[in-house]
Amino acid sequence: MSLKRKDLLSLAPLSVDEIRLILETADSFKEVTGREIKKVPALRGRTVVNLFFEPSTRTRTSFELAAKRLSADVINFSPSSSSVVKGETLLDTARNIEAMQADIIVLRHPSAGAAETLARGVKSSVINAGDGWHEHPTQGLLDLYTIRERGLSFEGLKVAIVGDVGHSRVARSNIHALVKLGAEVRVVGPPTMIPAGVEKLGVRVYYHLDEALQGVQVIMMLRLQLERQGKAMFPTIREYARLYGLTAERVKLADPKVIVMHPGPINRGVEIAPEVADSLSSVILDQVANGVAVRMGILYLMSGAN
Amino acid sequence: MDAGDIARAMTRIAHEILERNKGVQGLALVGIRTGGVYLAHRLVKRIQEIEAASVPIGELDITLYRDDLSLLKEQPVLRKTTVPFDISDKVIVLVDDVLFTGRTIRAAMDGLIDLGRPAEIQLAVLVDRGHRQLPIKATFIGKNIPTSREENIQVLLEEQGEDDRVVILKGGAL
């Protein structure tokens, strides 16, 4: 089977088979990234454009490395250094990039739905690298890959997603995929951060962290967006850390073999205690390493001849 | 070719590999997915029986090195390359079921060299059907089977749930 999609905009519409295909394809690239010469000629002559309207180091670097290891040419395009400051619209910018024969556009944008708008307007393949509060599908896929790499199976897997679920595109992508794959997903955070009606996505809502962590095999921490502080989401950072911070004590409530995940960048001592972030159960750096392999897999699958 | 022919060809190739390389010192086999992997395992087993020595074995997926990748409508499914030893300074015998245009072997050699610098690469195939499009030649050949371009050769193996045999299909249909 192959991925018969022009674009990868979100995980919500993907079938279980498509998700599995992407994860299995990433296996091959994980092997490539473990070699001394970490490069294969599969995408020679293809052009990948990283179009990032939001600051990002991890995701952009990861995509850049993935494309380079596939031998594609990569251009990084960020608005501060471009005509966007001169008032060009997203679609016009993209059409210009397309006119330079970009095969794949990787888009990061602060507005939900930006990737979809772009995908409709251009012939190039579009990969959503995060759009507003909507989705961050490649992060979701690399999280799934990391869980699977640890030998955990998704059917019946107990996962707790902790923090600002409402503003998290990472949470949304993971919820869609994990529920589809048969996992039991719990979301936990202060009521101001849990969106109304989130149960409709097939998750269980908790407001007390200790309760939510009972027996889970995966703890997925979300970054506390400190820039939102003062917008009445929670009284103080210290209170948030006390109620929703993951400490070594709390990790003990989970399954003894629990893995702790975080999409980064982490706020040490806020949502996650330093000793937890650096503990053996933490797979945070595996997530980063797997990100490259998973993105190589996605770029490979999306680069069939048009 | 029937099961007996295939078995005898494999035994002969195992002997030839040992003869040419004067034993198993520095020798390793790498099968090209999928058919070549099964044949490589069979050769390793035969070598073990003859020489009472084990030979490292690897499995190579050449998809990422295909020269027609950018022309295909759908990306082929990848399988994993597993070469669990350092190939540098080893004599590597690539193993495949059918040698045809030579393009697969070109891709396999490129893939192999990305993993290290072997002392030598040799090629063992069960069937050589001719029609080379690249200057490539097998070191060990089970059987030369002259074919027309329109025909298709299929090697069926027990490992794939078939009776061992080689069949020629007319009209290019697989």
Side-chain angles (χ1 to χ4, degrees), chain A residues 1-8 17-48 66-73 101 103-104 125 127 145 148-149 293-306, chain B residues 28 30-34 36-37 40 56-90 92 94 101-119 121 133-134 136 174:
Chain A
M1 101 167 250
S2 68
L3 203 62
K4 291 185 189 65
R5 288 176 184 277
K6 174 173 131 356
D7 313 294
L8 179 65
D17 283 345
E18 285 175 309
I19 292 174
R20 291 200 188 279
L21 172 71
I22 295 170
L23 299 183
E24 278 158 26
T25 304
D27 274 337
S28 300
F29 291 107
K30 183 79 195 236
E31 182 267 322
V32 172
T33 61
R35 294 181 189 171
E36 203 161 317
I37 299 172
K38 301 171 182 56
K39 201 174 179 104
V40 290
L43 261 65
R44 261 184 322 155
R46 303 290 173 110
T47 305
V48 176
K68 284 182 170 167
R69 286 181 176 169
L70 289 166
S71 304
D73 294 313
Q101 293 172 355
D103 298 287
I104 299 177
S125 290
I127 298 176
Y145 186 87
R148 173 175 164 276
E149 191 183 41
V294 169
R295 290 181 174 114
M296 284 173 84
I298 293 164
L299 289 170
Y300 168 78
L301 289 169
M302 312 250 348
S303 64
N306 296 318
Chain B
V30 173
I32 298 172
R33 287 192 183 272
T34 305
V37 168
I57 183 163
E59 305 179 350
L60 194 64
D61 182 67
I62 57 117
T63 312
L64 296 169
Y65 294 88
R66 283 172 63 159
D67 57 8
D68 57 353
L69 209 49
S70 59
L71 308 172
L72 300 173
K73 266 247 169 316
E74 284 177 12
Q75 295 292 75
V77 172
L78 296 183
R79 279 156 304 188
K80 220 171 159 183
T81 288
T82 318
V83 180
F85 51 87
D86 182 8
I87 66 163
S88 295
D89 300 321
K90 285 211 168 55
I92 303 293
L94 272 176
T101 59
R103 289 177 190 270
T104 300
I105 306 304
R106 196 281 308 161
M109 288 194 289
D110 276 357
L112 208 51
I113 285 165
D114 271 3
L115 302 176
R117 184 178 187 274
I121 300 178
Q133 292 168 354
L134 296 171
I136 279 168
L174 210 76

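Just so it is clear: chains get the letters A, B, ... in the order the sequence lines come, proteins before strands, and each one is counted from 1.
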Might you confirm whether atom CD of B/Q133 has over 12 heavy atoms from other residues, nucleotides or ligands at distances under 6.0 Å?
yes
To check you understand the geometry: which heavy-atom pair defines the closest contact between A/A26 and A/V294, and what is its length?
CB-CA, 3.8 Å
Which atoms of B/T82 approach chain A - backbone, side chain, both or neither, heavy atom under 4.5 Å:
neither
Are any non-hydrogen side-chain atoms of A/R44 and B/S70 less than 4.5 angstrom apart?
no
Counting heavy-atom pairs closer than 4.5 Å to chain A, which one of B/D110, B/V83, B/T63, B/L115 comes out on top?
B/L115
A/K39, part contacting chain B, at a heavy-atom distance under 4.5 Å:
backbone
Run A/L70 and A/V40 through side chain to side chain contact (heavy atoms under 4.5 Å, CB included) and show every step you take.
CA-CA 5 Å; A/L70 289 166; A/V40 290; 3.9 Å; yes
Could you give me the CA-CA distance, side-chain angles and deciding distance for B/I136 and B/M109, then say whether side chain to side chain contact (heavy atoms under 4.5 Å, CB included) is met?
CA-CA 11 Å; B/I136 279 168; B/M109 288 194 289; 4.0 Å; yes
Check whether B/R66 gets within reach of chain A through its side chain, its backbone, both or neither, counting any heavy atom under 4.5 Å.
neither
Interface moiety of A/Y300 toward chain B, non-hydrogen atoms closer than 4.5 Å
both
